Number of protein chains: 2
Amino acid sequence: MLSDVPIGEASRASGVKVATIRYYEQIGLISAPPRTEGNRRLYDRRDIERLLFIRHARDLGFEIDAIRTLLDLQDNPDQSCATADAIARARLSDVESRIAKLLSLKVELQRMLECTAHGRVDQCRVIEVLGHHEECMHPTH
Amino acid sequence: MLSDVPIGEASRASGVKVATIRYYEQIGLISAPPRTEGNRRLYDRRDIERLLFIRHARDLGFEIDAIRTLLDLQDNPDQSCATADAIARARLSDVESRIAKLLSLKVELQRMLECTAHGRVDQCRVIEVLGHHEECMHPTH
DNA sequence: CCTACATCCTCTAGCGACTAGAGGAGCAAG
DNA sequence: CTTGCTCCTCTAGTCGCTAGAGGATGTAGG
């Protein structure tokens, strides 16, 4: 079951869009599956697991190139997992720095929106703060 | 002072790269400045302030289209600031949801890296967790 | 005046990771 | 046999730049 299914079903089963599956094949992230006589792609359970793996990794923000490496590691499980560790660790620190940056953006945006007098633009903090950047990018607040 | 300067100086003064300034002109985010006899662009203080405004807004993650609207509001300050407010509010909620997502990614990545036995790939949690997505996308952990 | 060298100009193509759409073929059900 | 869905390939567009080619202009020193 879930063997020799067409692309639409593989898409439904994996959560990866049809066009994206074809794109992954095109860039060589997945290999080209066999075809029916009518030239339609046929996927089996392993293919769908790969797609799920890819989707999960993409959801976690891994780049295609990193996923390429991770898939390769999955295929050759007798290697050291140092590479996989390094990739995940790099991703973690990326996520952490993004969080830090977004938190400071959040503070600044909230500050911008501290304008209870919803009047005209010339009294509005949003435009004002954007115009007076000097006072904002410094970590003095 | 800072009037009739060439693009390189406008770039240095605003922190927006030369190529990016030309790109902004091309897409109509800023208007085409006058030129010298030798066909070089000349920027004045107002232009540089616009570039700073844009840069600050970009740093805060506003999209070009949003910035277009914000610049327009800045030029017509007799309008209601509701639009500016809405844009900033939308940006804030975007930032907040990104933070939330990244925080849960962080947790999942940390869980992936809880593998102290740095052995071979077949014992490695990184690959394993990516392969067994079912247990991860559910909010049960 | 000549020569370096920096800066400027336009134009085109590339990035990442898809997404959308045109135009056509295959296939299952009624 | 026709309707309507899925599938095929191919191309171009998205966003916000960035890089590079190939050439013109401007400035400082010898």
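Here the structure is a predicted model, which is why all the values come from computation and not from measurement.
Note: CZ (F62(A)) to C1' (dG16(C)) measures 17 Å, nearest angstrom. Atom CD of E37(B) is separated from atom C1' of dT27(D) by 17 Å (rounded to the nearest Å). As a whole-Å value, the separation of I27(A) CD1 from dC15(C) P is 12 Å. Between N39(A) atom CG and dC10(D) atom C1' there is a gap of 14 Å when expressed in whole angstrom units. For R40(B) and dT7(C), the CZ to P distance is 11 Å, given to the nearest whole Å. Atom CZ of R68(A) and atom C1' of dA17(C) are 12 Å apart (whole Å). Put simply, CD on E25(B) is 12 Å from P on dC11(C), counting in whole angstrom units. Following rounding to the nearest Å, E63(B) (CD) and dC17(D) (C1') show an atom-to-atom distance of 14 Å.
Note on V95(B): it clusters hydrophobically with I64(B), by side-chain heavy-atom contacts below 4.5 Å among ILVMFWY residues.
Ranked by how close their nearest DNA chain D nucleotide is to the 5' end, D65(B) and T36(B) are led by D65(B). Closest-nucleotide positions on DNA chain C for Y43(B) and Q26(B) were compared, and the one nearer the 5' end corresponds to Y43(B).
Taking only side-chain nitrogens and oxygens, Y23(B) never comes nearer than 4.0 Å to OP1 or OP2 of dC15(D). Look at Y24(A) and you won't find any side-chain N or O under 4.0 angstrom from OP1 or OP2 of dA17(C). For R22(B), a side-chain nitrogen or oxygen approaches OP1 or OP2 of dC9(C) to under 4.0 Å. Look at R35(A) and you'll find a side-chain N or O under 4.0 angstrom from OP1 or OP2 of dT9(D).
Atom CD1 of residue I127(A) and atom SG of residue C81(B) lie 8.5 Å apart, to the nearest 0.5 angstrom. How far CG of L51(A) is from CD1 of I21(A): 5.0 Å, rounded to the nearest 0.5 Å.
Checking R46(A), R68(A), R50(A) one by one against D75(A), the salt bridge (charged side-chain N to carboxylate O under 4.0 Å, His left out) holds for a single residue, R50(A).
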